[in-house]
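So the structure is just underneath, and the comments pick up after that.
Residue numbering restarts at 1 for every chain, and letters A, B, ... go by the order of the sequence lines. From a predicted model like this one, the values you see are computed outputs, not experimental measurements.
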There are 2 protein chains.
Amino acid sequence: MVVDSGVADADRVFHALADATRRDILTRVIRSGMSVSELARLYPMSFAAVQKHVVVLERAALVSKTRRGREQIVRGEVEALRRVARLLDGYERLWRHRAAAIEEILKEEQ
Amino acid sequence: MVVDSGVADADRVFHALADATRRDILTRVIRSGMSVSELARLYPMSFAAVQKHVVVLERAALVSKTRRGREQIVRGEVEALRRVARLLDGYERLWRHRAAAIEEILKEEQ
DNA sequence: CTAACGTACAACCACATGGTTGTAGATTCC
DNA sequence: GGAATCTACAACCATGTGGTTGTACGTTAG
C-alpha cells in the first residue's frame with residue numbers, strides 16, 4: 001500500500017468536489033461516459049473551461065478518460081469516491097466515540 | 001426543508017475539507033472541544049492563520065464556537081459531516097446503478 | 001485531399017485563498 | 001487598577017483558481 005502523500009490526495013479530491021460544475025460533471029459521467037465536448041455543451045462556459053474542470057477531476061482520480069476515435073470519453077471512477085466516504089466515516093466514528101463518552105458522564109451524574 | 005442554496009453549502013463544506021490543517025483541526029475538535037489558542041499552538045503558523053481556518057470551518061457549519069470566559073471553545077458539528085457523507089453515498093448509489101446496468105447488458109450478450 | 005471536429009494547452013485576467021503583521025476590544029489574574 | 005491573555009479583524013502580499021481567447025495537432029467525414 002502506498003503510504004506517501006495521502007494528504008495531498010485528500011486535498012485534490014475535496015478541492016475537486018468543491019465546485020458545483022465539477023460535481024455535476026461527476027454525477028453525469030458516473031451515470032454514463034460522455035465525451036469532453038458533449039459535456040462542454042451542457043454548461044454556459046467555454047469548451048476550455050470544461051476541459052480544465054475535467055482535468056481537475058482526473059488529477060483527483062475521480063474520473064478517467066479513454067480515447068474513442070477523436071473523442072475522449074470521461075467516466076466516473078468510484079474508487080476515490082469510496083476513499084473519501086471512508087474518510088468521512090472515520091470522522092463520524094470519532095464523533096460517535098465522543099457521544100458515547102458524554103453519555104457515560106451523564107449516566108454517572110444521575 | 002430548506003431547498004435554497006444547498007449548492008453553496010456543499011461548496012463551502014468541500015472547500016473547508018480541502019486543506020490538511022483544517023481537516024486536522026476538525027478531527028481534534030470532534031474528539032474534544034479546544035480553544036482557538038490551544039489549536040493555534042499545534043501548528044507552525046500564526047494565531048491569525050489558525051483563527052481564519054476555524055472561521056472557514058465555522059462558515060461550513062463543520063464546527064461551532066461557544067464562549068467560556070475569555071476563551072472560545074471550538075467543537076465539531078457532525079450534522080454537516082453527515083450531509084456530506086450522504087451526498088457521497090448518493091454518488092456511489094449512482095455508480096452501483098450503472099454497474100447493475102452493465103451487468104444486465106453483459107447477461108443479454110451471452 | 002481538404003474541411004470540420006475534438007482535444008490539449010499556453011497566455012492572460014479578475015478575484016479568492018492562505019499566509020503574514022499589527023491593532024484593538026474583552027476578560028481574567030494579581 | 002494594571003498587566004497579561006484570548007480573540008477578532010483589517011491591511012497587505014504571493015500564489016492559486018476559474019474563466020477567457022487563441023493556437024496547434026490528430027482524427028474523421030466527404
Side-chain angles (χ1 to χ4, degrees), chain A residues 5 7-29 32-77, chain B residues 5 7-29 32-77:
Chain A
S5 76
V7 170
D9 280 358
D11 280 14
R12 278 188 223 107
V13 171
F14 283 123
H15 171 251
L17 292 172
D19 180 283
T21 302
R22 286 195 291 264
R23 286 193 303 275
D24 195 74
I25 291 176
L26 185 56
T27 59
R28 288 178 188 274
V29 301
S32 72
M34 299 177 69
S35 74
V36 181
S37 45
E38 275 178 310
L39 284 169
R41 279 180 222 116
L42 298 172
Y43 306 98
M45 65 186 74
S46 68
F47 170 88
V50 173
Q51 198 258 344
K52 285 211 277 184
H53 280 307
V54 171
V55 168
V56 171
L57 288 167
E58 206 181 359
R59 295 251 160 89
L62 287 168
V63 305
S64 63
K65 286 187 294 195
T66 57
R67 274 223 163 274
R68 190 178 63 188
R70 63 186 160 188
E71 297 179 315
Q72 197 87 260
I73 306 299
V74 184
R75 289 194 182 77
E77 283 293 328
Chain B
S5 76
V7 169
D9 280 359
D11 280 14
R12 278 188 224 109
V13 172
F14 283 123
H15 170 251
L17 292 172
D19 180 282
T21 303
R22 287 194 291 263
R23 286 194 303 274
D24 195 74
I25 291 175
L26 185 56
T27 60
R28 288 177 187 276
V29 301
S32 72
M34 299 177 69
S35 73
V36 181
S37 45
E38 274 178 310
L39 283 170
R41 279 180 222 116
L42 298 171
Y43 305 99
M45 65 186 75
S46 67
F47 171 88
V50 173
Q51 198 259 344
K52 285 210 278 185
H53 280 308
V54 171
V55 168
V56 172
L57 288 166
E58 206 181 359
R59 295 251 159 87
L62 287 168
V63 305
S64 64
K65 286 186 294 195
T66 57
R67 275 223 162 274
R68 190 178 64 187
R70 62 187 161 188
E71 298 179 315
Q72 197 87 260
I73 306 298
V74 184
R75 289 193 182 76
E77 283 294 325

Check: In chain order, what residues pass the side chain to side chain donor-acceptor pair (under 3.5 Å) check against B:Ser64, with sequence neighbours excluded?
Finding: B:Glu77

Side-chain atoms of residues 49-62 of chain B: list all donor-acceptor pairs with protein atoms under 3.5 Å, sequence neighbours left out, distances to 0.1 Å.
from: B:His53; atom 1: ND1; to: B:Arg22; atom 2: NH1; distance (Å): 3.2
from: B:Glu58; atom 1: OE1; to: B:Lys65; atom 2: NZ; distance (Å): 3.2

Margin query: Just to verify, what does B:Gln72 make a side chain to side chain donor-acceptor pair (under 3.5 Å) with, not counting sequence neighbours?
Written below: none

Note to self: Tell me the bend of the helix from C:dC1-D:dG30 to C:dC30-D:dG1 as the angle between end helix axes, each from five pairs, rounded to the nearest 10 degrees.
What the structure shows: 30°

Margin query: For DNA chain C, which residues of residues 64-71 of chain A approach it to below 4.0 angstrom with any heavy atom?
Written below: A:Lys65, A:Arg70, A:Glu71

Notebook entry, point to check: If you walk 5' to 3' along DNA chain D, what is the first nucleotide with an atom under 4.0 Å of a heavy atom in chain A, and what is the last?
Noted result: D:dT17 to D:dA29

Next item on the list: With a 4.0 Å heavy-atom cut-off, tell me which residues in residues 43-52 of chain A come close to DNA chain C, sorted by residue number.
Entry: A:Phe47, A:Ala48, A:Gln51

Next item on the list: Examine distances only and state if a side-chain atom of A:Ser37 and a backbone atom of A:Ala40 form a donor-acceptor pair shorter than 3.5 Å.
Entry: no

Checklist line | Protein-nucleotide distance (A:Arg41, atom CZ; C:dC5, atom C1'), rounded to Å | finding: 10 Å

Next item on the list: Return the set of residues passing side chain to side chain donor-acceptor pair (under 3.5 Å) with A:Arg68 (not counting sequence neighbours), or none when no residue passes.
Entry: A:Glu71

Check: How would you label the contact of B:Thr21 with the nucleic acid (heavy atoms, under 4.0 Å): base, sugar-phosphate, or nothing?
Finding: nothing

Note to self: The criterion is side chain to side chain contact (heavy atoms under 4.5 Å, CB included); which residues satisfy it with A:Ala48, sequence neighbours excluded?
What the structure shows: A:Ser46

